[in-house]
2 protein chains.
Amino acid sequence: MRKNKTSPSPRSDRLHLDRFIPYRLSVLSNTVSMNIARAYAREFDLSIPEWRVLAVLARYPDLSAVDVAERSAMDKVAVSRAVQSLLASKRLVRSYDKVDRRRSVLRLSAAGQSVYTRVAPLALGYEQRLMSALSATERRSLDRLLSVLLERAQQMK
Amino acid sequence: MRKNKTSPSPRSDRLHLDRFIPYRLSVLSNTVSMNIARAYAREFDLSIPEWRVLAVLARYPDLSAVDVAERSAMDKVAVSRAVQSLLASKRLVRSYDKVDRRRSVLRLSAAGQSVYTRVAPLALGYEQRLMSALSATERRSLDRLLSVLLERAQQMK
DNA sequence: AGCAAGTAGTTACAATTGCAACCATTGCCG
DNA sequence: CGGCAATGGTTGCAATTGTAACTACTTGCT
């Protein structure tokens, strides 16, 4: 650790990282993701993309890979790879659409269900502990802010 | 696009991704980061880590690499690599501490300053447009929520 | 029917990142 | 002083990720 430099006074035309929202979002998001990943990665041998695919399919069975990609905001290559490894570990079963044989139909296997029902509470528990730093009002507020910002960010693309 | 499945009703013990805060944080953060990166990456040939190092040093000159890492929440390898390429592009000058010859002393070159003064307004402009989706009150609220959550997330590590 | 254009999904390859091991230097303690 | 733990920083290697090109199949148009 080093001697403290005196902080330059903030000026509105200068950027300082620790007041810059995109930066703070990124730090927070990375911190949270890594915390969670540590929790289930080692214990269940699940990567983040795998976990997302599982979570989507647990809720919406029989989606195709692109449907999963849409719902999870992952790109289709990431989904493809996650699906590969979930198939390899027998946590997913894949069939194909009768009328459109390009489309896969994905569904959790019993093993996949089982992993899901064990991991989901961990994830939810983590979220609860995180959010317990906020009051109910603040939580609702955060909820809304995230929605508004995401919508705006997406339309700014 | 596919026919809509009817949404299963949410139950509190089941996780659905689009209500899960860590997931939403991650989607928002990625969307925002990619939007910004597109803006300066191509135009200035700057990666995100490089940009962060630049921003820290613009504000706090003469830090060492580990100081930069601390201030920017990057790890030291990432800083080392960003510093390498910033040195190669002559946007940074490096000297070494007289009393501790392990420590580097990093500072923007004139070219670095120049890049910074051109990129910073872009970044700030993006932030403003993003945040203009929120009222002043909401902005303050977001600000506070991010601080609280980050602190909590870090202590949960 | 037949072909062009579009979509689902995979693969190959390059770029990024993360981790561990590694020097060099300094600080500490006997 | 001598040696050993700790710190600053870099490097090499493996794992992850992104991009583009590709195959397979379907759709729409003529």
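In what follows, chains carry the letters A, B, and so on, assigned in the order in which the sequence lines appear, proteins first and then strands, with residues in each chain numbered from 1. All figures in this text were calculated on a predicted structure; none of them were measured in a lab.
Contact annotation: A:R101 side-chain N/O to C:dT7 OP1/OP2 distance is not under 4.0 Å. Within the structure, a side-chain polar atom (N or O) of B:Q84 is placed less than 4.0 Å from OP1 or OP2 of D:dT11. Checking the phosphate oxygens (OP1, OP2) of D:dG8, no side-chain nitrogen or oxygen of B:S64 falls inside 4.0 Å. At D:dA24, none of the side-chain N or O atoms of A:R102 fall inside 4.0 Å of OP1 or OP2 (strictly under the cut-off). Applying the 4.0 Å criterion to OP1 and OP2 of C:dT10, one finds that A:S80 has a side-chain N or O inside that range.
Taking the centre and axis of the six-membered ring of B:Y60, the NZ or CZ atom of B:R71 falls inside the cone set by 45° and 6.0 Å.
Rounded to whole Å, atom P of C:dT16 lies 13 Å from atom CG of B:L46. Following rounding to the nearest Å, A:R103 (CZ) and C:dG9 (C1') show an atom-to-atom distance of 11 Å. As a whole-Å value, the separation of A:M74 CE from D:dT17 C1' is 11 Å. Look at CG on A:N30: it is 13 Å from C1' on C:dG18, rounded to the nearest Å. In this structure, A:Y96 atom OH and D:dT26 atom P are separated by 13 Å, rounded to whole Å. Atoms NZ (B:K76) and P (D:dT11) sit 13 Å apart, rounded to a whole Å. Between the P atom of D:dT7 and the CG atom of B:D67 lies a distance of 14 Å, rounded to the nearest Å. The CG atom of A:D75 sits 11 Å away from the P atom of D:dT17 (whole-angstrom rounding).
The aromatic rings of A:W51 and A:Y116 lie parallel to each other, with less than 30° between the two planes, well short of the 60° mark.
Mapping A:M34 and A:L87 onto DNA chain C via the closest heavy atom, the residue that lands nearer the 5' end is A:L87. Between A:R81 and A:K98, it is A:R81 whose nearest contact on DNA chain D lies nearer the 5' terminus.
Checking B:R118 against B:S114 by side-chain atom types alone, a donor-acceptor pair falls below 3.5 Å.
Counting non-hydrogen atoms under 4.0 angstrom, A:V66 reaches the backbone sugars and phosphates but no base. B:S47 comes within contact range of no nucleotide atom at all, as no heavy-atom separation falls under 4.0 Å. Looking at heavy-atom distances under 4.0 Å, B:V83 makes no contact with the nucleic acid at all.
In the set C:dT26, C:dT17, D:dG8, C:dT17 carries the atom at the smallest distance from any side-chain atom of B:P49. Checking C:dT25, C:dG9, C:dT11 against every side-chain atom of B:D100, the shortest atom distance belongs to C:dT25.
B:M131 and B:M34 sit in two unconnected hydrophobic clusters of ILVMFWY residues. Membership requires side-chain heavy atoms under 4.5 Å apart, directly or through other members.
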Exercise. A:D143 and B:I21: side-chain contact (heavy atoms from CB on, under 4.5 Å), yes or no, with the steps?
Worked result: CA-CA 8 Å; A:D143 217 73; B:I21 298 289; 4.0 Å; yes
